[in-house]
Amino acid sequence: MFIYEKKLQYPVKIKNTNPALAKIIISQYGGPHGEIGASLRYLSQRYSMPYPELKAILTDIGTEELAHLEMVGTIVYQLTRDLTPQQIQEAGFDTYFVDHTAGVYPVAASGTPFNANTFAVTGDTIADLHEDLSAEQKARLTYDNILRFADDPDVRDPIKFLRAREIVHFQRFGEGLRILTDKLDSKNFYAFNPSFDK
Amino acid sequence: MQFAMWELHLFLDTHPNNCDAARKLEEYRSRAEALRKEYEEKFGPLNETSRETSRWAWIRDPWPWEREAN
Ligand SMILES: [Fe+2]
């Protein structure tokens, strides 16, 4: 089960409204490399993980991604507070506003709603862990791209925190992969799927 | 403090036998417990937390979705 804690993992205190930036950052809420996809990927993959270390790391990182989802939602929310009709139009936020007003909806920056096609659950431990390593890099590069457009230090600070977490997760998944391969046929890691073939 | 605890928590997932990290976590936990009490007295409850045992107890089978746990 999950228990909610009434605080953010890392503080978000943005003073200035910036709907144009919100439109970009929302991609980490519901986009192809975003936090909801990350959480669903790990929390769904864990069922077919064969070793306790792997069940633990997928459960824990999948849970942390939910905390990141909340941080990204908070950033989007704070960037779209007290909007005037003029700000909405000038920032190009009108195409989002017409359907969602100032609500936070899981979409990519391009406007595509969140889709589970953005991630995989293969039931093959090697394939899943490699996907996880790749996913952490994709999230990291998206934060790097967001940082190219964000000059407000109030926004850059929590985004840099989220970027750093992707790197830690990549490290932990790398260790997970090593724990797995240590237990496989050292002459041929791909001889069987340790989750299904045993 | 809680963040440092979480970092150790993740580290111990992939290093369940690392006594140094487990000890450090134990040290932080006792400090965090006092801080949590102080915080909750001021701002109300954060959540319901059980007393942890060891890191191995955390990763050990069965997990909630497994037959053995139900
Ligand atoms: Fe991550």
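Letters A, B, ... are given to chains in the order of the sequence lines, protein chains preceding strands, and every chain is numbered from 1.
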Novice: Between B:Thr14 and A:Arg178, is a side-chain contact (heavy atoms from CB on, under 4.5 Å) present by the stated rule, with each step listed?
Specialist: CA-CA 10 Å; B:Thr14 49; A:Arg178 202 146 96 186; over 6 Å; no

Novice: Could you see if A:Tyr47 belongs to whatever hydrophobic cluster contains A:Phe2? Use Ile, Leu, Val, Met, Phe, Trp, Tyr and a side-chain cutoff under 4.5 Å.
Specialist: no

Novice: Side chains of A:Lys55 and B:Glu66: does their closest heavy-atom pair fall under 4.5 Å?
Specialist: yes

Novice: For A:Phe149, does the CZ atom have more than 12 heavy-atom neighbours from other residues, nucleotides or ligands under 6.0 Å away?
Specialist: no

Novice: When you compare the side chain of B:Phe11 with that of A:Gln171, does any pair of heavy atoms fall below 4.5 Å?
Specialist: no

Novice: Would you find more than 12 non-hydrogen atoms of other residues, nucleotides or ligands less than 6.0 Å from B:Lys24 atom NZ?
Specialist: no

Novice: Could you give the distance from CD (A:Glu175) to CG (B:Asp13), rounded to the nearest 0.5 Å?
Specialist: 10.0 Å

Novice: Would you find more than 12 non-hydrogen atoms of other residues, nucleotides or ligands less than 6.0 Å from A:Gln89 atom CD?
Specialist: no

Novice: Go through the side-chain N and O atoms of B:Gln2 and A:Glu5 and say whether any donor and acceptor fall under 3.5 Å apart.
Specialist: yes

Novice: Tell me if the CZ atom of A:Phe192 is crowded by more than 12 foreign heavy atoms within 6.0 Å.
Specialist: yes

Novice: Between B:Trp65 and A:Thr59, what is the shortest heavy-atom contact and its length?
Specialist: CH2-OG1, 3.8 Å

Novice: Count the heavy atoms belonging to other residues, nucleotides or ligands that lie under 6.0 Å from CD of A:Gln86, then report whether that count exceeds 12.
Specialist: no

Novice: Answer with side chain, backbone, both or neither: which region of A:Ile57 has an atom nearer than 4.5 Å to a non-hydrogen atom of chain B?
Specialist: both

Novice: Counting neighbours of OH on A:Tyr77 that are heavy atoms of other residues, nucleotides or ligands and sit closer than 6.0 Å, is the number greater than 12?
Specialist: no

Novice: So which part of A:Arg165 gets closer than 4.5 Å to some heavy atom of chain B, the side chain, the backbone, both or neither?
Specialist: side chain

Novice: For B:Leu10 versus A:Arg172, what's the shortest heavy-atom pair and its separation?
Specialist: O-CD, 3.4 Å

